[in-house]
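Just follow the structure's listing: the first ligand is 1, and inside any ligand the first atom is 1.
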Amino acid sequence: MKLPPHLLDEIILSLGEVFVGKRYADKVIEYTFKRHRKWGSRDRRIFAESIYECVRWWRWFWHLAGLPDEEHTQPENITPERLWRVWAAYWITNGRDLPKDENAPEVKPGDVLKRAKEGASPAIRAAIPDWLDARGSRELGDAWPALREALNQPADVFMRVNTLKNDRRALREKLGQEGYETEAVEQVPSALRLKQRANLFGTAAYKAGLFEVQDAASQLIAPFLQPEPGMRVIDACAGGGGKALHLAALMRNKGRLLAMDVHSWKLAELRKRASRAGVDIIEAREIEGSKTVKRLAQKADRVLLDVPCSGMGVLRRNPDAKWKLSDAEIDRLIALQAEILESYSRMVAPGGKLVYATCSILPSENERQVQAFLSKHGAEWTLEEELHRTPETGAFDGFYAARLLRNKGETSPEQSQPAEDTEPKE
Ligand SMILES: C[S@@+](CC[C@H](N)C(=O)[O-])C[C@H]1O[C@@H](n2cnc3c(N)ncnc32)[C@H](O)[C@@H]1O
């Protein structure tokens with residue numbers, strides 16, 4: 001495969017943006033495509049694949065390029081020349097010839113391939129930081145090696161059909177007419193899988209609000225909350241609204257759905273998406289302090305807490321998270337999750353239900369949070385069901401959810417009134 005020089009320049013520049021500028025890979029790709037609207041689909045594919053694969057396997061390709069391992073995440077040591085070498089290691093290990101350029105640093109394919117055959121530590125081979133490997137091993141034990149491997153496989157593209165506007169069969173037909181082949185996902189009634197990776201945001205079907213792009217496992221969360229038309233539902237960590245839109249569809253656009261978040265810019269995006277999806281029961285409200293939650297004590301039939309988490313279950317989709325996370329950041333998130341569960345659970349009315357969900361596979365963010373909550377409030381809450389999805393058990397992302405019932409007539413004063421000093425902050 002021949003690689004046009006202008007494309008290679010952009011690849012090196014963009015890898016610098018990710019590893020030195022600390023920007024997210026998907027944002028860098030989006031920005032580059034906007035600057036090069038004339039690129040054809042082949043150029044776009046080569047560019048996006050190069051970025052994602054180099055980010056996913058960064059530490060491994062850095063090693064294959066013969067660079068000192070301890071410097072692979074040190075911005076001051078990630079020079080354009082080294083970026084070129086890392087990309088060259090990726091290109092060579094994919095069986096491709098390097099472009100002829102006398103100004104480019106010399107990389108001998110034989111050296112790269114020889115290093116690939118030599119031994120390396122499991123963390124280098126799996127291209128993850130040592131601290132993450134240690135944490136995975138500590139928390140997941142024997143299950144970790146298979147998960148570590150599964151988290152490096154590229155993820156499929158899934159869609160959630162917007163049942164307010166069409167059904168799965170009609171959407172398949174519509175996308176087929178636009179040239180995109182899909183298949184129904186057996187275990188998830190709302191999901192379609194795209195047969196060949198493509199960007200769907202330009203399709204007429206997307207613009208008409210007929211679907212959202214959403215992983216199949218993530219589509220299990222909203223139904224798990226058991227929302228019904230006419231209910232009062234709160235999505236307290238709604239972000240851009242992926243699950244809020246799904247909840248609204250399950251409620252058949254009837255009832256009241258309060259979507260909250262600490263970031264107003266995310267709620268602005270949610271409003272846009274709701275309007276495209278034909279949803280009008282959502283009220284988006286910024287959480288400005290503990291009072292926002294306090295006023296809603298015992299007001300909801302259903303509460304979804306899709307809490308901020310490490311994203312360890314979705315590394316296949318966001319591989320750059322492993323280079324941006326740290327042990328300390330995961331500990332901070334664990335403390336925040338516990339505070340959110342403690343404080344926001346008070347919004348559930350007696351007899352109502354709460355779902356605590358993460359896109360993590362770490363027990364410390366998942367079942368242990370729920371167990372700790374129940375050890376404090378077990379008389380008032382009943383654990384109805386837990387949902388575990390791990391990437392190696394199917395083509396889906398890793399997710400966790402627990403549904404808790406707030407028992408009637410067991411409300412302690414502590415659970416009915418949030419204290420001012422327990423306000424969680426991101
Ligand atoms: C996992 S994301 C939510 C994704 C969203 N539910 C969806 O399906 O698209 C977690 C969200 O929690 C928000 N968040 C962080 N701290 C929060 C807090 N203290 N209270 C409420 N939301 C918070 C983040 O801004 C982020 O949007």
Student: Taking non-hydrogen atoms only, is Ile340 closer than 4.0 angstrom to ligand 1 via side chain, backbone, both or neither?
Tutor: side chain
Student: Heavy atoms only: which of Cys237, Ala222, Ala236, Ala357 lies closest to atom 12 (O) of ligand 1?
Tutor: Cys237
Student: Got a salt bridge between Arg285 and Glu283, using NZ or NE/NH1/NH2 to carboxylate O under 4.0 Å?
Tutor: yes
Student: Between the side chains of Thr292 and Glu288, is a donor N or O closer than 3.5 angstrom to an acceptor N or O?
Tutor: no
Student: How does Lys243 reach ligand 1, if at all, at less than 4.0 Å between non-hydrogen atoms: by side chain, backbone, both, or neither?
Tutor: both
Student: Looking only at heavy atoms, is any part of Lys266 under 4.0 Å from ligand 1, and if so is it the side chain, the backbone, or both, or is it neither?
Tutor: side chain
Student: Do the rings of Trp39 and His6 sit parallel, tilted or perpendicular, given the 30° and 60° boundaries?
Tutor: tilted
Student: For ligand 1, which atoms, with element, lie under 4.0 Å from some heavy atom of Gly241?
Tutor: 9 (O)
Student: For residues 173-182, pull every pair meeting salt bridge (charged side-chain N to carboxylate O under 4.0 Å, His left out), keeping only residues two or more places apart or in separate chains.
Tutor: Glu181-Lys195
Student: Would you call the rings of Trp58 and Trp62 parallel, tilted or perpendicular, taking 30° and 60° as the class edges?
Tutor: tilted
Student: Any nitrogen or oxygen of Gly240, main chain or side chain, under 3.5 Å from a nitrogen or oxygen of ligand 1?
Tutor: no
Student: Could an N or O of ligand 1 be found under 3.5 Å from any N or O of Asp235, whether backbone or side chain?
Tutor: no
Student: Tell me which part of Ser218 gets within contact of ligand 1: side chain, backbone, both or neither, using heavy atoms under 4.0 Å.
Tutor: neither
Student: Within ligand 1, which atoms have a heavy atom of Tyr344 less than 4.0 Å away?
Tutor: 18 (C), 19 (N), 20 (N), 21 (C)
Student: Identify the two heavy atoms, one from Met251 and one from Pro227, that lie closest to each other, and give their separation to 0.1 Å.
Tutor: CG-CB, 3.9 Å
Student: Would you check if there is a donor-acceptor pair between the side chains of Glu342 and His377 at a distance under 3.5 Å?
Tutor: yes
Student: Around Gln196, counting heavy atoms of other residues, nucleotides and ligands shown, do more than 12 lie under 6.0 Å from its CD?
Tutor: no
Student: Has ligand 1 got any nitrogen or oxygen that is less than 3.5 angstrom from a nitrogen or oxygen of Ile287?
Tutor: no
Student: Does Val307 reach ligand 1, in the sense of a heavy atom lying below 4.0 Å from it?
Tutor: yes
Student: Can you check whether Ala120's main-chain N or O pairs, donor with acceptor, with Arg125's side chain at less than 3.5 Å?
Tutor: no
Student: Out of all atoms in ligand 1, which are within 4.0 Å of some heavy atom of Gly239? Include the element for each.
Tutor: 27 (O)
Student: Tell me which one of Val314, Leu336, Asp306 gets a heavy atom nearest to atom 4 (C) of ligand 1.
Tutor: Asp306
Student: Using a 3.5 Å cut-off on N or O atoms only, is Arg273 in polar contact with ligand 1?
Tutor: no
